[in-house]
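Some notes on the structure that comes next.
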Amino acid sequence: MRKKFIAGNWKMYKTTAEAVAFAKAFKRLYADAGADAEAGVCAPFTQLAALKDAFAGSGVKLGAQNVHFEENGAYTGEISAPMLKEIGVDYAIVGHSERREYFAETDETVNKKLHKLYEYNILPILCVGEKLDQRDAGKAETVVKAQVEKDLSGLLPAQIDLLVIAYEPVWAIGTGRTATPEQAQEMCAFIRRTVASLYSAAAADKLRVQYGGSVKPDNAAEILGKADVDGALVGGASLVPEDFIRIVNFSANA
Ligand code: PGA
């Protein structure tokens, strides 16, 4: 049975003081809630060390939002996997559509980043998803399949067991326009079938596939109730502890 995993993606929000205040409040809520799901927060690099301390003992997982694919080198402004490992992060988001769109992330660099993260036992949250014109042209599955195939290239079956893939239709991110629960289920199931054909049914069965794109406290239960939706990657609604706990505890809102 796959445990649902709700990860917050804070993007470029919060100072470290604000992040620590969130952690203190959220830790209490999470402890009281008898949570339905594993929870995690993917924060800006500057906040990670303070959050590691602030979340200590809570079970809340900590993630970065990006990583460089090289070990070290002359890459001004970049952060490497060993640097993240030293802080003790559990996860790193790779291939978010904002990085693909604004920072020239390609399937090739995404693939290299996945390999580097596994070398350091940091688990990737790989983001894939189609744009609106691609969905309208009936190409959502083709686009997502190509991303999954290229991004996972060369990974071993044991690595796939630990992977999280976030299906994030680009048209639903930050727009308030959520995919319907049926669309989310369809695409998450499609991603699982794609992984089954690349690896095995057993690996696909362990893989956790999140949905992301305008997940809010009020729509979480319906989306997370779907069989192949194993969690959510939550942007805006992960910034406020009282909102985020309602998503983590989605069944209470069902
Ligand atoms: P959103 O962002 O929940 O604000 O739509 C989701 C994401 O970008 O991961």
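Predicted model only: the values in this text are computed from it and were never measured. Order of appearance sets the numbers: ligands from 1, and atoms from 1 within every ligand.
The contact set between ligand 1 and His96, taken as ligand atoms under 4.0 Å from a residue heavy atom, comprises 7 (C), 8 (O), 9 (O). Atoms of ligand 1 found under 4.0 Å from any heavy atom of Gly213 (numbered from 1 in listed order, with element): 5 (O). Residue Gly236 approaches ligand 1 through these ligand atoms, each under 4.0 Å from one of its heavy atoms: 1 (P), 3 (O), 4 (O).
Residue Cys127 does not touch ligand 1, judged by heavy-atom distances below 4.0 Å. Here Ile173 has heavy atoms under 4.0 Å from ligand 1 in both its backbone and its side chain.
Inter-residue side-chain proximity for Phe45 and Met83 is flagged as unmet; no heavy-atom pair is nearer than 4.5 Å. Side-chain contact between Leu51 and Trp10 is present, with at least one heavy-atom pair separated by less than 4.5 Å.
The existence of a salt bridge linking Glu71 and Lys116 is confirmed by a sub-4.0 Å separation between a basic side-chain nitrogen and an acidic carboxylate oxygen. A salt bridge does not link Asp230 to Lys3: none of the charged nitrogens lies less than 4.0 Å from a carboxylate oxygen.
The closest approach between Ala172 and ligand 1 falls below 4.0 Å for a heavy atom of the residue. Under a 4.0 Å heavy-atom criterion, Gly212 is not in contact with ligand 1. The closest approach between any non-hydrogen atom of Lys216 and ligand 1 is not below 4.0 Å. A heavy-atom separation below 4.0 Å is not found between Ala237 and ligand 1.
The single protein non-hydrogen atom nearest to atom 6 (C) of ligand 1 is Gly235 N, 3.5 Å, given as residue, atom name and distance. Scanning the protein heavy atoms around atom 7 (C) of ligand 1, the nearest turns out to be Glu168 OE2, 3.2 Å.
At least one N or O atom of Lys11 sits closer than 3.5 Å to an N or O atom of ligand 1.
Relative ring orientation between Phe244 and Phe26 is described as tilted, the plane-to-plane angle lying within the 30° to 60° band.
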CA sep, side-chain torsions, deciding dist, call: Glu130, Trp171, side chain to side chain donor-acceptor pair (under 3.5 Å): CA-CA 8 Å; Glu130 79 287 356; Trp171 45 271; 3.0 Å; yes
